[in-house]
Number of protein chains: 2
Amino acid sequence: MAYARRVIEARHLRVLRAVATTGSFSAAGRELGCTQPAVSQQMKALETSVGTPLLVRAGREMRLTQAGEALVRHASGILAGLTAAEEEVAAIAGLRAGRVRLVSFPSGSSTLVPAALAALRAAHPGTRVSLEEAEPPRSVELLREGDCDLALAFRYEGAATAEDWDDLVVRPLLTDRLVALVPERHPLARAESVAIGELAGEPWIAGCPRCRGQLVQVCEGAGFTPRIDFATDDYPAVVGLVGAGLGVAVLPQLAVESVRPRGVRAVRLEPAVRRKIVALTLPDLAPVPTVAATLEQLARAARRP
Amino acid sequence: MAYARRVIEARHLRVLRAVATTGSFSAAGRELGCTQPAVSQQMKALETSVGTPLLVRAGREMRLTQAGEALVRHASGILAGLTAAEEEVAAIAGLRAGRVRLVSFPSGSSTLVPAALAALRAAHPGTRVSLEEAEPPRSVELLREGDCDLALAFRYEGAATAEDWDDLVVRPLLTDRLVALVPERHPLARAESVAIGELAGEPWIAGCPRCRGQLVQVCEGAGFTPRIDFATDDYPAVVGLVGAGLGVAVLPQLAVESVRPRGVRAVRLEPAVRRKIVALTLPDLAPVPTVAATLEQLARAARRP
DNA sequence: CTTCGAGCATAAGCCATCCTTGGAGTGATC
DNA sequence: GATCACTCCAAGGATGGCTTATGCTCGAAG
């Protein structure tokens, strides 16, 4: 008796509906692309599973019992819901819909991200992106906690504290380098390049906490400790302070690009200090179409700076 | 590629919902009464069939992607519709709902049918019966055409025109017999029984067309042709006409029972002329619970007249 | 009245699917 | 560091579904 405890499947309803509309098993089989015995067995199985006849074979024609009518009546709604669900998922899978939650650090979100999102929007108008700003340690945390789908992060070459990204999908985007910012009238303003040590005696203006740590580390590698007079994670402010002659700064090239260099000069730092900018995502998220598409546009945006 | 063209089944949604609510494959398996690999495979199949990941395995916990969320959102409605359908069909199958369409000839619908339907209503309050009146040839026709589920019919013993009921389910209910109706002051009114020939010279009042044919046949069997002065299929009218002394009649016992015998006497006809009263239904309809239950109540009502 | 065609039921066989078991790897917890 | 819980993977076995083939009934046409 426990064997009859089977449950109605969508397939049963599809077959039943076909039988109800066509009026015969054979026609239903043709409509469904299977043979008549398949339909016959399917209906028999459904009838035993619901425990009551659903169809009356009256001579030539096939009629529904009351239970059959009830089932057909429900079937339309159920199958409609099912196709609606398939539609919606297909829309997301086909990039006609769906939202990807992106987290980026500030200098990324002002350069790479806008270009990438513009391209994404052009290619797949249905997709939506939500953007949040966070510096790397936090952004990776957000990713791992499931609060975002895609994180832009960076890592300085030779950095002491190497975050563990082994369990993530890492897509290198581009390699940024630090530039020194000096006031226009500074002696080094016209230099081709500058060694960090040449700025040892200057007052410094530091960027975000992480950049600041990086700055100190680089300076100490060159044998001095920078005298930091100001610290702000607002890049235009840094540029403004340098332009006002209050000190020098080093910033990532990417950060400088989005700020008008009013009264300052950006001089290449030699030897170069580089940071690798990457996009991170969870392995399970990488094949998600919206994520993959966004990632692809970020990579393309990075190729032509 | 054509292989990925599979379609979402209710089973997939059940599993997905269980995973979404429990948060793990193992727990979902326990809830569904199967093993964890079964859940895992089921989800993998669903993901390939919709073409996009639905779940993110993030460390310990299991989260839904956007497509997964969409599917779960639809799933609740779809599965609710499915259980509603099962409920309704089960209600019909379990005699808590459902309507049976009954056709009966007049003398049946005034005696057998009310008793049977009262018992049915008492036993299964949810069931409903629609009753229509039709004489046997027509009622069987209605049955065959699918316009009713159950037909009460009768057949006179030794009748010339034997309808073909071989393809129907025939349930004998009772055997009725004809009685002669004579005015109270008629010489035969006190007789124990009467032979049809004894009424050869009387004016006759005939019933329905079919009863009339039967009457003529019986009389001719006894060697005379009845002089029919009145014909009506209204039994009380027949009784009234006999009571008024306008003639005699023969009626089925069952028909007389539901009419007050005002001024008439019912005398047993000997030799007896009997008719078998049966319930008819289509073979496919017989196992339908509402039909079976109605049939059963009719049989029980027939056993105690 | 017989023949023919259409449709359904059933049986047997094949194939896909599904589920289970057993084992390995991994992250979190004590 | 050991344990527990969870997942994935692989292989085996059972179940179910579909197909072909066959027989039957019914209705229409010759």
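We name chains A, B, ... by the order of the sequence lines, and we start the count at 1 in each one. Bear in mind that the values here come from a model prediction, so they are computed numbers and not experimental data.
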Legend entry - Shortest side-chain distance from A:P37, nucleotide among C:dC18, C:dT10, C:dG22: C:dT10
Legend entry - Rounded interatomic separation in angstrom, taking CE from B:M43 and C1' from C:dC19: 15 Å
Inset, instruction - Please check the phosphate of C:dG7 (OP1 and OP2 only) for any side-chain N or O of A:R57 closer than 4.0 Å. - result: no
Inset, instruction - Look at A:E296 together with A:R171 and state whether they make a salt bridge at an N to O cut-off of under 4.0 Å. - result: yes
Inset, instruction - Return yes if some donor-acceptor pair links the side-chain N/O of B:T281 with the main-chain N/O of B:D149 below 3.5 Å, else return no. - result: yes
Legend entry - OP1 or OP2 of C:dC19 under 4.0 Å from side-chain N/O of B:T35: no
Inset, instruction - Send over the distance from A:L46 CG to D:dG17 P, rounded to a whole Å. - result: 11 Å
Legend entry - Atom-to-atom span, CZ of B:R63 to P of D:dC6 - whole angstrom: 17 Å
Inset, instruction - Pick base, sugar-phosphate or nothing for A:S26, based on heavy-atom distances below 4.0 Å to the nucleic acid. - result: sugar-phosphate
Legend entry - Lys/Arg N to Asp/Glu carboxylate O, B:E9 vs A:R14, below 4.0 Å: yes
Legend entry - Nearest-Å distance for atom pair CD/P, residues B:Q42 and D:dC8: 14 Å
Inset, instruction - Verify, without hydrogens or angle tests, whether B:E86 (side chain) and A:I8 (backbone) share a donor-acceptor contact under 3.5 angstrom. - result: yes
Inset, instruction - May I have the distance from B:F25 (atom CZ) to C:dT26 (atom C1'), rounded to whole angstrom? - result: 16 Å
Inset, instruction - Classify the side chain of A:Q41 versus the base of C:dA9 as yes if they form a donor-acceptor pair under 3.5 Å and no if they do not. - result: no
Legend entry - Short side-chain N/O contact to D:dC8 OP1/OP2 from B:K44, under 4.0 Å: no
Inset, instruction - Can you tell me the distance, in whole Å, between the CZ atom of B:R30 and the C1' atom of D:dT7? - result: 13 Å
Inset, instruction - Mind calculating the distance between CG (A:L32) and C1' (D:dG17) to the nearest angstrom? - result: 14 Å
Inset, instruction - In whole angstrom, give the distance that lies between atom CD of A:E9 and atom P of C:dT17. - result: 15 Å
Inset, instruction - For C:dT17, take OP1 and OP2 only and decide whether either is under 4.0 Å from a side-chain N or O of B:R11. - result: no
Inset, instruction - Report yes if a side-chain nitrogen or oxygen of A:S40 is closer than 4.0 Å to either non-bridging phosphate oxygen (OP1 or OP2) of C:dA9; otherwise report no. - result: yes
Inset, instruction - Return yes if a side-chain donor-acceptor contact under 3.5 Å exists between B:R99 and A:Q66, otherwise no. - result: no
